Protein chains: 2
Amino acid sequence: MIPGHIRVTTDCRTVTEILSRIGDKWSVQTVVQLGSGPKRFNELRRQIDGISQRMLTLTLRGLERDGLVNRTVFPTVPPRVEYRLTDLGCSLLKTVRGLAEWAIENRPEIVAARQRFDGTASNGHTGDERRSASL
Amino acid sequence: MIPGHIRVTTDCRTVTEILSRIGDKWSVQTVVQLGSGPKRFNELRRQIDGISQRMLTLTLRGLERDGLVNRTVFPTVPPRVEYRLTDLGCSLLKTVRGLAEWAIENRPEIVAARQRFDGTASNGHTGDERRSASL
DNA sequence: CTGTATCCCGACTGATACTG
DNA sequence: CAGTATCAGTCGGGATACAG
């Protein structure tokens with residue numbers, strides 16, 4: 001159906017694992033924010049909007065652990081910590097941008113599909129569809 | 001730093017939303033499996049490996065709701081239900097393949113970064129790193 | 001064969017308070 | 001400023017049993 005398809009049994013896992021890594025609530029937003037240059041902790045905190053201090057810390061730790069972000073501490077007082085994308089992080093950002101384009105381009109269609117699905121009571125299954133179009 | 005970057009405040013959300021959609025534990029695997037052609041329920045169930053009946057149902061419902069998968073019931077006995085990717089689903093698959101290539105190409109580097117991170121006790125923070133290389 | 005309905009547990013996440 | 005610690009609530013997801 002589609003040419004050059006991936007070795008499903010092996011590579012699917014890899015993709016799923018990567019998605020588990022970046023597919024959480026905050027990683028992508030964080031990476032994208034860092035895409036416009038190095039940022040400090042509270043700078044990120046303000047720009048990411050809904051994120052809690054705790055989750056920003058955890059997200060940055062995770063990204064750092066995976067070599068996507070560098071953490072630099074300047075031993076001044078008050079302490080200054082800078083986060084910046086590594087080369088690996090930058091390459092991920094480029095890839096994510098591909099997904100971003102798809103998302104932006106196809107969101108209307110997805111929203112429409114949802115409304116269609118949620119609207120018709122004749123879906124075959126008995127009903128009570130929750131989640132009224134959170135996208 | 002990186003040219004042509006996306007409008008962070010607006011589009012990030014869209015990407016995050018899409019990631020919430022496909023970033024769950026089973027959606028990508030399901031989509032990729034369906035990439036090689038229409039499949040029946042238990043056929044998918046066998047090929048996806050760890051998935052439970054419940055989660056396959058929920059995943060397929062979600063994909064159907066978002067217009068990524070078509071569900072066709074043949075009113076025979078025993079019932080036969082076929083799932084296939086829509087055009088939208090196919091286009092998503094192509095995009096995901098980009099991510100897949102990145103994942104496959106960079107997994108070694110990520111794994112290495114993790115070992116480095118987990119190995120050094122001199123990370124600055126006090127310690128007790130959980131998740132010993134699940135990737 | 002293709003689902004639906006419950007129960008239940010652990011993980012994720014937010015809120016809040018405290019520290020160097 | 002840049003975190004860490006703790007507690008509590010929500011939710012994803014597995015196991016199991018049942019149904020058309």
Side-chain angles (χ1 to χ4, degrees), chain A residues 16-17 19-30 33-34 38-65 69-84 123-131 134, chain B residues 16 19-30 33-34 38-65 69-84 123-132 134:
Chain A
T16 303
E17 285 159 356
L19 281 173
S20 314
R21 168 65 283 217
I22 64 166
D24 67 277
K25 206 172 174 184
W26 304 110
S27 289
V28 165
Q29 289 195 61
T30 304
Q33 289 293 346
L34 288 175
K39 300 263 168 64
R40 300 181 58 175
F41 187 86
N42 278 325
E43 202 176 350
L44 279 169
R45 187 148 140 67
R46 281 188 301 270
Q47 290 174 357
I48 296 183
D49 183 58
I51 199 169
S52 67
Q53 189 175 43
R54 172 189 155 83
M55 290 319 295
L56 181 55
T57 301
L58 290 179
T59 302
L60 288 169
R61 283 286 174 281
L63 294 172
E64 186 194 359
R65 185 168 105 103
V69 160
N70 262 146
R71 178 176 182 269
T72 315
V73 184
F74 300 92
T76 62
V77 44
R80 173 195 169 86
V81 180
E82 189 183 86
Y83 294 92
R84 74 165 65 222
N123 284 321
H125 23 87
T126 18
D128 122 90
E129 318 294 339
R130 51 249 104 154
R131 290 184 303 177
S134 66
Chain B
T16 302
L19 281 173
S20 315
R21 169 65 282 216
I22 64 166
D24 66 277
K25 204 171 174 185
W26 304 111
S27 289
V28 165
Q29 290 195 60
T30 305
Q33 289 294 346
L34 287 175
K39 301 265 168 66
R40 299 181 59 177
F41 187 86
N42 277 327
E43 201 176 350
L44 279 170
R45 188 149 141 67
R46 280 188 301 271
Q47 291 174 356
I48 296 183
D49 183 57
I51 199 169
S52 67
Q53 189 175 43
R54 170 190 154 83
M55 289 320 295
L56 181 53
T57 300
L58 290 180
T59 301
L60 287 169
R61 282 289 173 281
L63 295 172
E64 187 194 359
R65 185 168 105 104
V69 159
N70 261 146
R71 178 176 181 268
T72 315
V73 184
F74 300 93
T76 61
V77 44
R80 173 195 170 87
V81 180
E82 189 184 85
Y83 294 91
R84 74 165 64 220
N123 285 320
H125 24 88
T126 18
D128 116 275
E129 318 293 339
R130 51 248 103 146
R131 291 184 303 177
S132 48
S134 66

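Letters A, B, ... mirror the listed sequences (proteins, then strands); counts begin at 1. If you're wondering where the values come from, they're calculated on a predicted model, not measured in any experiment.
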Can you find a side chain N or O atom of [X] that sits less than 4.0 Å from OP1 or OP2 on [N]?
X	N	result
B:Arg61	C:dT4	yes
B:Arg40	C:dT2	yes
B:Tyr83	C:dG3	yes

* What is the nucleic acid contact for B:Phe74, judged by heavy atoms within less than 4.0 Å: base, sugar-phosphate only, or nothing? -> nothing
In this structure, how many angstroms lie between the [atom2] atom of [N] and the [atom1] atom of [X], rounded?
X	N	atom1	atom2	value
A:Asp49	C:dT13	CG	P	16 Å
A:Phe41	C:dG20	CZ	P	18 Å
B:Leu56	C:dT4	CG	P	11 Å
A:Arg45	D:dG3	CZ	C1'	10 Å
B:Leu60	C:dC1	CG	P	16 Å
A:Lys39	D:dA2	NZ	P	13 Å
B:Arg71	C:dC1	CZ	P	16 Å
B:Arg46	C:dT2	CZ	P	9 Å

* Asked: When the nearest nucleotide of DNA chain C is assigned to A:Ile51 and to B:Glu82 on a heavy-atom basis, which residue is associated with the more 5' position?
  -> B:Glu82
* **Given DNA chain C, 5'-ward residue of the pair B:Pro78 and B:Thr57, judged by closest heavy atom** => B:Pro78
Could you state the interatomic distance from [atom1] ([X]) to [atom2] ([Y]), rounded to the nearest 0.5 Å?
X	Y	atom1	atom2	value
A:Tyr83	A:Leu60	OH	CG	5.0 Å
B:Leu58	B:Arg54	CG	CZ	5.0 Å
A:Gln29	A:Thr59	CD	OG1	9.5 Å

If you restrict it to nitrogen or oxygen atoms, what contacts under 3.5 Å exist between nucleotides 18-20 of chain D and the protein, and what is each distance?
none

Who are the side chain to side chain contact (heavy atoms under 4.5 Å, CB included) partners of [X], not counting sequence neighbours?
X	value
A:Ser20	A:Thr16
A:Glu43	A:Lys39, A:Arg40, A:Arg46, A:Gln47
B:Arg45	B:Phe41, B:Asn42, B:Gln53, B:Leu56

* Structure fact -> For A:Arg80 and A:Thr76 the tightest heavy-atom approach is N-OG1, 3.8 Å
* Asked: Which atom pair, heavy atoms only, marks the closest approach of A:Leu19 to B:Ile22?
  -> CD1-O, 3.9 Å
* To do: Summarise how protein sits on nucleotides 8-13 of chain D as a single string, 5' to 3': B when a protein heavy atom is under 4.0 Å from the base, S for sugar-phosphate-only contact, - for no contact.
  => -----B
* Beyond-backbone contact of B:Ile48 with B:Gln33, side-chain heavy atoms, under 4.5 angstrom -> yes
* To do: Could you check if a side-chain atom of B:Thr30 sits within less than 4.5 angstrom of a side-chain atom of B:Val69, using non-hydrogen atoms only?
  => no
* Given axes from five pairs at either end, by how many degrees does the helix from C:dC1-D:dG20 to C:dG20-D:dC1 bend, rounded to 10°? -> 40°
* Under the side-chain hydrogen bond (donor to acceptor under 3.5 Å, both in side chains) rule, collect the residues that match up with A:Ser27, sequence neighbours excluded. => A:Arg21, A:Asp24
* Sequence neighbours left out, what passes side-chain hydrogen bond (donor to acceptor under 3.5 Å, both in side chains) with A:Glu82? Give chain and number order. => A:Arg84
